[in-house]
Structures are given as C-alpha cells and as structure tokens.
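Just so we're clear, the structure is a prediction, and the values are computed from it rather than from any experiment. Within every chain, numbering begins at 1; the chains are lettered A, B, ... in the order of the sequence lines, protein sequences first and strands thereafter.
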Amino acid sequence: MKVAFWPGCVSKGACPELYVSTHKVADALGLELVELEEAPCTGAGVLSEQNPALADSLNGLTLAMAERQGADLMTICSTCQGVLSGTQFHLANDPARLARVNETLASSGYEYRGTTKVKHLLWILVEDIGLDRLASLVKHKLTGLNVAPFYGCYILRPEEYLGLKERPERSTYLEQIIALIGATPVEYLGKSKCCGFPMLTMNREVSLKMGGKHILEAKSKGADVLVTPCPLCHLNLDGQQPDAAGVMKQPLGVPILHLPQLLGLAFGFAPEDLRLNHHVINTKAALEKVELKV
Amino acid sequence: MKWTIVVGRYDKDQPAGSGYPPPFESAAAKRYQTFEVDLPEHAMVLDALIQVREYQDESLAVRCACRSAICGSCAMWINGHANLACTSKLRDFTVDGKVTVESPPSMPPIRDLVCDMTPFWQKNRQVRPWLEGKEPVPAGEEYRVPNAAMENLIQEVGCISCGACLMDCESFAVNQNFLGPAALAKAYRYTADPRDAETRDRLKTYSEPDGVWDCTHCYECVQQCPKGVAPLEQILKLRRMAVEEGFTNNAGTRHAYAFAESVKDSGRLNELTLMPKSFGLLNIRAQLQSLPAAFNMARAGKLPPLIHKKIPGLARIKSIFAKVGGKFK
Ligand code: FES
C-alpha cells in the first residue's frame with residue numbers, strides 16, 4: 001500500500017524519534033511512504049483561528065499534493081490530523097470555500113478536487129492493514145506491560161470532522177493495538193482529554209497541571225507507560241514532565257511512547273533503533289519489564 | 001430490559017467512600033453505588049435515575065425539570081463526559097454492561113448528582129451578558145439592525161445554560177478562574193452585536209488573563225454542547241476581534257504572529273524560536289521558567305535542528321501568504 005506521507009513539523013524537529021520509528025514500522029508493514037516534502041505546516045489550529053482563509057489555502061495545497069499522488073494522505077500527529085480533517089470537512093461542505101482555495105492555489109500549479117482521504121497512521125493500522133496482519137508481525141509480545149492510551153484532542157474532536165460518527169470505534173483503536181501486542185490497556189478518564197500543550201506559552205502552570213493530572217491518574221491506575229499518536233502531546237507529557245511534577249508537587253516519572261515506537265518494540269526492533277533512549281523521561285525501567293534494554 | 005447504572009453518591013454529612021480518581025483528590029470523595037433498573041430499549045439515563053429515585057432509593061438527589069433538553073438542569077457526567085441525562089440513551093452509553101453517572105469533579109458538589117452552579121452563573125455575570133446600548137437612542141423608535149448582522153449571533157442564542165461545556169472544560173478543571181466556554185460564548189454574542197457600545201472595552205477585558213487566551217482548544221465544549229453552540233468557535237472569533245482591535249500585548253497574539261512568520265519564511269514551524277517569541281523576548285521570568293525543560297530536551301537529544309531548514313517550493317507558500325495572509329502578510 002502506498003500513502004502520501006505528511007510527517008508534520010514536530011517529527012522533523014523536536015521529536016525525531018517519531019519520524020525514525022514511523023519509517024521502521026512502515027518498512028515492516030510494507031507501507032510505502034511518499035513524503036510530501038513541499039507541503040507546508042498545517043498551522044496547528046493557530047493560523048486558522050486568526051485567518052481561516054490562510055489556513056484553508058495552506059491545507060488545501062497539502063490535500064491537493066496528496067491527491068496528485070493518487071494516494072491517501074497519512075499523518076502521524078493528532079493535531080495535523082484534526083486540522084487537515086477540518087479543512088477537508090469545510091471544503092467538502094462549502095463549495096464557495098473550496099472555490100476560494102482553488103483561486104488562491106491557481107498560480108501554484110495545484111488544484112484540489114476534493115477526493116483526498118486524510119488518515120492518521122493509527123487508522124491505517126486498524127482499517128487498512130488490519131489487526132490480523134499486525135498480529136502476524138508481532139515477534140516480541142509486551143506481556144505484563146501496562147499501557148495507558150492518550151489520544152490527543154484533535155484525533156477525537158469534533159466528531160464530525162474525524163469520521164467518528166460513522167466509525168465510533170476509532171476512539172478505541174489504541175486499546176485494540178495495545179491488547180494485540182500482548183500488553184494491558186489501562187482504563188482511565190484522562191485518555192481522551194487535553195495534554196495542555198496549546199496553552200503552554202499562554203499559561204504555563206495551567207498547561208502543566210492539565211498534562212500532569214492525566215499522567216498522575218494513569219499512574220495511579222498502574223500504567224507503566226503512556227502511548228500517544230500525537231507528538232505535541234508527547235512534547236508536553238514527556239518534555240515538560242519534570243516541570244509538571246514540580247507544579248503538581250508529586251513525582252510522576254511515566255515514559256511517554258509514540259505509537260510507532262510501541263508497535264516497533266512488538267515487531268522486534270531494538271529500543272535504540274526506535275530511539276527510545278532519546279526521551280526526557282527514561283524508558284529503562286519500563287523496557288526491563290518486557291525484557292528489553294536501552 | 002435490564003440496565004445497570006452506577007451512581008456517584010455524595011453527601012457532605014456521610015462518611016466519604018473511596019474510588020474517586022486521584023487527579024481530583026481536591027474534589028469531594030464519592031461512594032459509587034450500583035442499581036439495576038428495568039426499562040425499555042429506548043430509555044434515557046434520566047429515566048433510569050428517576051426509576052431509582054421513585055422505586056429503589058428515594059434519597060437519590062437528581063436535578064431535572066423538562067425531560068426534553070430545554071431547561072438545562074440535568075447536565076452531569078455520564079461515563080466521564082458532561083451530557084444531558086434526559087437526551088442520553090442508556091443503550092448509547094452502556095459500556096461493559098454499565099453506565100456511570102456522577103457530578104463533575106470540577107464543580108462544587110451539593111448532593112449526589114446535583115452540583116452547585118454558582119461558578120457558572122458568576123462567570124456569566126462577569127462578562128456582562130447584556131447590551132450596553134449605543135447613545136443616542138434612535139428618536140422615537142427602536143435600535144434597528146440588518147438581519148445579516150445578527151445571523152452570526154444565532155448560534156450562541158441556542159444556549160440553555162446547562163453548563164455541560166464548563167463541566168468538561170479542561171482549562172477550568174485546573175484553573176477555576178478561567179471565564180470558561182459558556183460565559184465567553186455569551187461574551188461574543190454581545191461583543192459582536194452591532195447595537196453594543198462597549199465592543200472595545202469588552203475585548204480589552206476578555207483579553208486579560210483567565211480570558212479568551214486561556215482556552216486550551218480541546219474541543220470538549222464543542223463536542224458536549226447539546227445545542228450546537230460550539231463555544232470554542234465563539235472564543236476564537238473573540239480572539240480574532242481582540243487582535244484586530246489592537247489588544248496584542250499577550251502571549252496568545254505573539255504566539256500566532258511568531259507561528260505565521262515561521263511558516264511564511266520557511267514553510268514549517270520553527271520550534272526553536274516559537275516559544276521564546278511567544279513569551280515576549282523581554283519576559284525574562286517566562287524565558288527562565290522554560291529553560292529547564294529546554295535543557296532536559298537538549299540532553300535527551302530532542303532539540304530541534306539549530307539551522308531551521310526551508311521546505312522546497314517555498315515560493316508557493318509565499319504566494320499564498322501574499323494573497324490571503326491578511327495581517328500575517
Ligand atoms: S431535564 Fe431539562 S434539559 Fe434535561
């Protein structure tokens with residue numbers, strides 16, 4: 001299967017481990033990634049709130065680039081997914097908005113006809129590749145590891161952008177994958193809530209409390225690690241975790257794994273190859289639980 | 001048909017139970033009690049609660065009046081998210097054989113499923129939810145506005161003040177001073193009303209700390225609002241209006257401008273400069289506060305590349321900015 005691949009800015013910036021592990025897992029799955037190197041940042045909802053027309057055009061361009069590849073557009077970030085799904089939703093339901101985008105894009109050599117499907121890696125894993133095929137690739141079951149899913153807001157809400165009305169089961173894919181690789185999904189309220197990242201610069205304390213609260217809840221339910229399909233959640237939950245612990249006045253110390261890192265471990269890749277030694281929160285103890293070393 | 005409903009019970013005079021999730025230990029401790037009810041397939045969560053109160057435990061406190069999504073009194077947490085009990089079907093919310101209902105932990109509890117709505121009303125009052133009429137009043141007649149000017153406000157007018165949005169607001173859950181989704185949506189309704197004389201003053205106040213920039217963009221309020229008010233969308237409109245009115249001396253505005261500049265100049269986000277620019281380069285305290293995290297990340301090998309690369313085909317991006325970049329041109 002071939003997909004047009006939008007890696008997002010963060011996997012090319014502060015979360016290189018996501019980029020690397022995505023490629024590892026894609027190779028194992030025979031998923032051909034055609035990277036859209038000329039596609040722009042989605043604006044992460046920040047540009048759209050101040051200038052919807054600008055964000056429409058930037059994301060319209062990315063959708064048009066994928067359309068030209070004749071393949072689905074794959075994201076590896078809940079935020080990118082949410083923003084691109086939102087654009088796609090608006091352009092599909094508002095012909096005038098689509099016409100304005102194409103007018104802006106005219107000189108760029110691209111036109112968006114509205115046929116691209118935008119899918120997060122998480123959805124591709126379950127809907128296109130299928131759990132059976134994933135199971136057949138598992139070489140190292142992560143038995144005994146308690147994994148708390150953390151979805152990130154934009155892959156779940158608003159439902160109508162993300163096809164959750166037609167496919168409500170999309171809000172359970174992480175748990176399904178966790179169970180499939182032999183680990184135990186941890187059930188907790190925070191799994192569908194906000195990591196606090198969008199507020200980090202506006203109100204640092206509130207942002208850290210938000211993320212810290214969910215980590216603490218997961219930990220109290222026995223989580224050894226959290227897994228997330230969103231690198232922005234990862235930045236707040238991993239990168240800021242020591243600071244969050246300070247604000248919460250509680251020790252946290254829960255490693256935050258990217259989805260392809262978790263899957264990669266089960267596929268038998270070495271932790272270093274998935275760059276699990278490049279986290280702020282050390283992954284050693286969690287890996288030892290499943291007889292792995294970094 | 002048999003249904004199982006787990007109810008979070010709270011009574012300040014009764015010894016507390018356990019089982020409350022730890023992040024909310026500041027919230028009241030509850031005791032979870034399981035009830036079985038016999039109701040048809042299409043029954044609502046509220047039907048089950050009334051059944052319990054009428055036939056099993058008359059001490060159960062639950063608030064409801066209209067039973068048809070009009071009065072807004074039955075909002076509560078159903079499986080960890082706020083919803084109207086009177087429009088939530090048992091069959092849609094039964095997970096692993098049960099539905100769990102409780103008063104939301106971010107609201108002060110009164111008893112069982114009844115929480116104190118004081119914070120909700122206080123925030124409402126704080127945004128001055130009334131028209132400050134323009135002077136002079138048109139002689140001998142009423143204020144007239146074109147229909148088109150009001151169309152944008154209709155969405156908020158659907159609000160039934162149930163408080164579901166506030167109950168699920170992630171920002172309010174950790175910062176009780178945040179004005180919150182319902183009040184800010186109402187604020188937009190008056191700010192954007194052409195008859196209002198205080199637009200500028202309102203925007204100034206709403207831009208202050210605990211106002212529009214304290215929304216974390218989690219879409220919980222959009223998802224949970226039973227009336228399609230989409231409070232977040234109204235908050236974003238207020239942000240836009242505030243920036244356009246010149247209330248730009250805040251991290252939110254700086255963040256948006258730094259973001260846009262980075263995308264315009266390189267096609268993607270420059271994580272290295274975004275944070276410092278958002279704090280404001282002279283905001284030494286914030287800059288210092290962010291240092292430990294930056295240091296931890298650098299040590300883990302997670303620093304973004306020091307030389308920020310431009311994407312190929314940047315001319316396309318520049319041309320988009322030139323055409324529709326607006327204030328980001
Ligand atoms: S009882 Fe009135 S809204 Fe539910």
With a 4.5 angstrom heavy-atom cut-off, which part of [X] approaches chain B: side chain, backbone, both or neither?
{"X": "A/L61", "value": "side chain"}
{"X": "A/S192", "value": "both"}
{"X": "A/R275", "value": "side chain"}
{"X": "A/A44", "value": "both"}
{"X": "A/E17", "value": "side chain"}
{"X": "A/Y154", "value": "side chain"}
{"X": "A/D238", "value": "side chain"}
{"X": "A/H279", "value": "backbone"}

Which one, [options], leads in non-hydrogen pairs under 4.5 Å with chain B?
{"options": "A/G43, A/A53, A/P16", "value": "A/G43"}
{"options": "A/C153, A/G13, A/G8", "value": "A/G13"}
{"options": "A/T42, A/L58, A/D56, A/L200", "value": "A/L58"}
{"options": "A/E37, A/K12, A/E49", "value": "A/E49"}
{"options": "A/M210, A/E103, A/K219", "value": "A/M210"}

Toward chain A, the part of [X] with a non-hydrogen atom under 4.5 Å:
{"X": "B/H81", "answer": "side chain"}
{"X": "B/F328", "answer": "side chain"}
{"X": "B/E233", "answer": "side chain"}
{"X": "B/S319", "answer": "side chain"}
{"X": "B/V263", "answer": "side chain"}

Original post:
Is it the case that B/K323 and A/S57 place a side-chain donor and acceptor less than 3.5 Å from each other?
Top reply: no
Max heavy-atom pair count under 4.5 Å with chain A, selected residue of [options]:
{"options": "B/I317, B/V174, B/L236", "value": "B/V174"}
{"options": "B/D214, B/N250, B/N270, B/L232", "value": "B/D214"}
{"options": "B/P312, B/G326, B/S266, B/G80", "value": "B/P312"}
{"options": "B/V243, B/V222, B/I235", "value": "B/V243"}
{"options": "B/H308, B/M297, B/E220, B/R268", "value": "B/E220"}
{"options": "B/Q289, B/E244, B/R254", "value": "B/Q289"}

Taking everything shown except [X] itself, do over 12 heavy atoms lie less than 6.0 Å from its [atom1]?
{"X": "A/K284", "atom1": "NZ", "answer": "no"}
{"X": "B/K310", "atom1": "NZ", "answer": "no"}
{"X": "B/N249", "atom1": "CG", "answer": "no"}
{"X": "B/K318", "atom1": "NZ", "answer": "yes"}

**OP:** Report yes if the side chains of A/N51 and B/F321 come closer than 4.5 Å at any heavy-atom pair, otherwise no.
**Re:** no
**OP:** Return the set of residues passing side-chain hydrogen bond (donor to acceptor under 3.5 Å, both in side chains) with A/Q69 (not counting sequence neighbours), or none when no residue passes.
**Re:** none
Original post:
What's the spacing between A/T201 OG1 and B/L274 CG if we round to 0.5 Å?
Top reply: 7.0 Å
**OP:** To the nearest 0.5 angstrom, please state how far the OG1 atom of B/T216 sits from the CG atom of A/N203.
**Re:** 10.0 Å
**OP:** Tell me, with the steps shown, if A/H214 and B/E170 meet side chain to side chain contact (heavy atoms under 4.5 Å, CB included).
**Re:** CA-CA 11 Å; A/H214 304 316; B/E170 279 285 90; 2.7 Å; yes
Subject >> Donor-acceptor contact below 3.5 Å, side chain B/H217 vs main chain A/P198 >> reply: no
Original post:
Sub-3.5 Å donor-acceptor pair from the side chain of B/R239 to the main-chain atoms of A/Q50, do we have one?
Top reply: no
**OP:** For side chain to side chain contact (heavy atoms under 4.5 Å, CB included), just list the numbers for B/Y219 and A/C194, CA-CA rounded to whole Å, side-chain angles, deciding distance to a tenth of an Å, and then say yes or no.
**Re:** CA-CA 9 Å; B/Y219 280 105; A/C194 179; over 6 Å; no
**OP:** Applying side chain to side chain contact (heavy atoms under 4.5 Å, CB included), run through B/S171 and A/M199 and close with a yes or a no.
**Re:** CA-CA 9 Å; B/S171 192; A/M199 277 192 65; 3.7 Å; yes
**OP:** Could you tell me which residues in residues 158-165 of chain A have at least one non-hydrogen atom under 4.5 Å from a non-hydrogen atom of chain B, sorted by residue number?
**Re:** A/P158, A/E159, A/Y161
Subject >> Over all atoms of both residues, closest heavy-atom pair of B/I311 and A/A39 >> reply: CD1-O, 3.6 Å
Subject >> Smallest separation among heavy atoms of B/G301 and A/H278, with atom names >> reply: CA-ND1, 3.8 Å
Original post:
Are A/E38 and B/R316 ion-paired here, with the side-chain N under 4.0 Å from a carboxylate O?
Top reply: yes
**OP:** Name all residues meeting the side-chain contact (heavy atoms from CB on, under 4.5 Å) criterion together with A/A245; count only those two or more places apart in sequence or in a different chain, and write none if there are none.
**Re:** A/L252
Subject >> Pairs where residues 199-210 of chain A contributes a residue and the test salt bridge (charged side-chain N to carboxylate O under 4.0 Å, His left out) is met, not counting sequence neighbours >> reply: A/R204-A/D243, A/E205-A/K209
Subject >> Chi angles and distances behind the side chain to side chain contact (heavy atoms under 4.5 Å, CB included) call for B/I320, A/L105 >> reply: CA-CA 7 Å; B/I320 290 176; A/L105 294 187; 3.7 Å; yes
